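Any value given below was found using the heavy atoms of this structure, including those in side chains, with hydrogens, waters and symmetry copies removed. Worth saying up front: this structure is predicted, and the values here are computed from it rather than measured. A, B, ... follow the sequence lines: proteins, then strands. Residue 1 opens every chain.
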There are 2 protein chains.
Amino acid sequence: MIAPLQQALVAAELPVLRAHELSMWGYVVLSALDNQPIRTQAALAEVIGADKSRIIGVLDELEGDGLLERTRDPADRRARFVAITDEGRRKRRAVQADVQRNEERVLAHLPPGDREAFLRSLEVLAAEVADPATRAGRAGTSGTGR
Amino acid sequence: MIAPLQQALVAAELPVLRAHELSMWGYVVLSALDNQPIRTQAALAEVIGADKSRIIGVLDELEGDGLLERTRDPADRRARFVAITDEGRRKRRAVQADVQRNEERVLAHLPPGDREAFLRSLEVLAAEVADPATRAGRAGTSGTGR
DNA sequence: TATTGTTATACTCTATAACTATA
DNA sequence: TATAGTTATAGAGTATAACAATA
């Protein structure tokens, strides 16, 4: 049941992102950087659950649009700080507002009590899968195998 | 929040499917056929939200494993009936049992009330995205259904 | 030798467009 | 001409491997 739901949510959000000239991953990156400062690109990649090589084109584009800045770490000249700019923050929040409007429309037909419980449950479950150790022992869904 | 959740659920179910030597789409097809009889491959493809050309390899494999049968429609020799076999039904239900065990483990940490509301909401939302006409508030499918 | 960021390559899914055989 | 099923081709997205600079 979750699969078609996510599919529909993504489909509903794509036009919003396109209107702001932002890719899906671009939005994910800006959101991660707006939520907390992240030092290196590798750390950023891990936070958003992507491969480090996968976000490079995204970072190039965001930097070209002035939405973030990359600066070399003087202490370790291999690494690059990556930080969201004020303009990036503005754009991220504008997009987020539109996206949330979309989501509220989807949730509009749930009874208020169910709706609250649904969102609360989503947070619990998302935290659970993000870090299985946070909840009671060994959920065991982390076997990525490779 | 939904994206990583689905990702985790799929990741958790892949080993189950592999243990039963069944592909993701194979499971989807068997489930659709077990829920209701479907006449043509095109109709089946639409029910599961896939392109008609995409399920052919899946059907070939399922048929080779004796999990479903394809027979020509005598009235229209272009079309092929597609029906799940008893063995297919057995396999589908065995897999479903394992999959549900997985899902229950994920949901185990929700308070009972939230858990019920969560599943209830999922059903509402899934139906909503599957058939947007229901969004007007249980208007039913009285009229010309497409 | 190991690590950060980068580039290049290969693989998986998916969608689209031809092709056949019937109608 | 149109349709059901099939096959072939092309594209997006992703993962993996090789690479350069620095440690």
Side-chain angles (χ1 to χ4, degrees), chain A residues 3-4 6-11 13-15 17-18 22-29 32-33 37-64 68-83 142-146, chain B residues 3-4 6-11 13-15 17-18 22-29 32-33 37-64 68-83 146:
Chain A
Q6 185 194 358
Q7 198 176 343
L9 283 174
V10 169
E13 287 169 13
L14 279 180
L17 291 170
R18 196 157 21 176
L22 203 61
S23 72
M24 181 75 67
W25 281 111
Y27 178 56
V28 172
V29 164
L33 292 177
I38 298 177
R39 287 176 299 287
T40 69
Q41 295 185 191
L44 171 62
E46 176 164 355
V47 165
I48 65 180
D51 193 274
K52 61 180 175 168
S53 69
R54 206 160 85 205
I55 64 174
I56 291 184
V58 180
L59 295 180
D60 288 347
E61 198 167 347
L62 292 175
E63 192 176 28
L68 63 77
E69 283 177 337
R70 285 191 278 192
T71 57
R72 292 247 167 239
D73 179 352
D76 181 347
R77 294 179 43 72
R78 295 171 303 179
R80 304 178 77 173
F81 288 126
V82 52
S142 63
T144 54
R146 229 198 251 246
Chain B
Q6 184 195 1
Q7 198 178 343
L9 282 174
V10 169
E13 286 170 13
L14 280 179
L17 291 169
R18 197 159 19 179
L22 202 60
S23 71
M24 182 74 69
W25 281 112
Y27 178 55
V28 171
V29 164
L33 292 177
I38 298 177
R39 289 177 300 288
T40 70
Q41 294 185 193
L44 171 61
E46 176 164 356
V47 164
I48 65 179
D51 193 272
K52 59 181 176 170
S53 67
R54 206 160 84 204
I55 63 175
I56 291 184
V58 180
L59 295 179
D60 289 346
E61 198 167 346
L62 292 175
E63 191 177 25
L68 62 78
E69 281 177 340
R70 284 191 280 192
T71 57
R72 292 246 167 241
D73 180 352
D76 182 347
R77 294 179 43 70
R78 294 172 302 181
R80 304 178 77 172
F81 288 125
V82 53
R146 170 200 309 262

For residues V29(B) and V82(B), determine if any side-chain heavy atom of one lies less than 4.5 Å from a side-chain heavy atom of the other.
no
Taking atom types as they are modelled, is there a donor-acceptor pair under 3.5 Å from the base of dT14(D) to the side chain of S53(A)?
no
Any L44(B) side-chain heavy atom under 4.5 Å of L59(B) side chain
yes
From CG of D51(B) across to P of dT7(D) the rounded distance in Å is 15 Å
Can you find a heavy atom in the side chain of L22(A) that is under 4.5 Å from one in the side chain of E61(A)?
no
Between dT6(D) (P) and E61(B) (CD): distance, integer Å:
15 Å
Round to the nearest Å and state the distance from E46(A) atom CD to dT3(C) atom P.
14 Å
Using a 4.0 Å heavy-atom cut-off, does R70(B) contact any base of the nucleic acid, only the sugar-phosphate backbone, or nothing at all?
sugar-phosphate
Value in whole Å for how far the P atom of dG5(D) lies from CZ of R39(B)
11 Å
Take the protein atom CD1 of I56(A) and the nucleotide atom C1' of dT6(C), then report the distance between them rounded to whole Å.
5 Å
What is the distance, to the nearest angstrom, from the CZ atom on R80(B) to the P atom on dT20(C)?
17 Å
Any R70(A) side-chain heavy atom under 4.5 Å of D60(A) side chain:
yes
Using heavy-atom distances to pick each residue's nearest nucleotide on DNA chain C, tell me which of R72(B) and A42(A) is more 5'.
A42(A)
Considering the options R78(B), R72(B), R80(B), which one meets the side chain to side chain donor-acceptor pair (under 3.5 Å) requirement together with D76(B)?
R78(B)
From CG of L59(A) across to P of dT7(C) the rounded distance in Å is 12 Å
Between dA4(D) atom P and F81(B) atom CZ, what is the distance in whole Å?
13 Å
Going by the rule side-chain contact (heavy atoms from CB on, under 4.5 Å), which residues pair with A43(A) if we only count those two or more places apart in sequence or in a different chain?
I38(A), T40(A)
Salt bridge (charged side-chain N to carboxylate O under 4.0 Å, His left out) with D73(B): which residues, sequence neighbours excluded?
none
Between W25(A) and dT14(D), is there a side-chain N or O to OP1/OP2 distance below 4.0 Å?
yes
List the protein contact pattern of nucleotides 18-23 of chain D with one symbol per nucleotide (5' to 3'): B for base contact, S for sugar-phosphate-only contact, - for none; contact means a heavy-atom distance under 4.0 Å.
---BBS
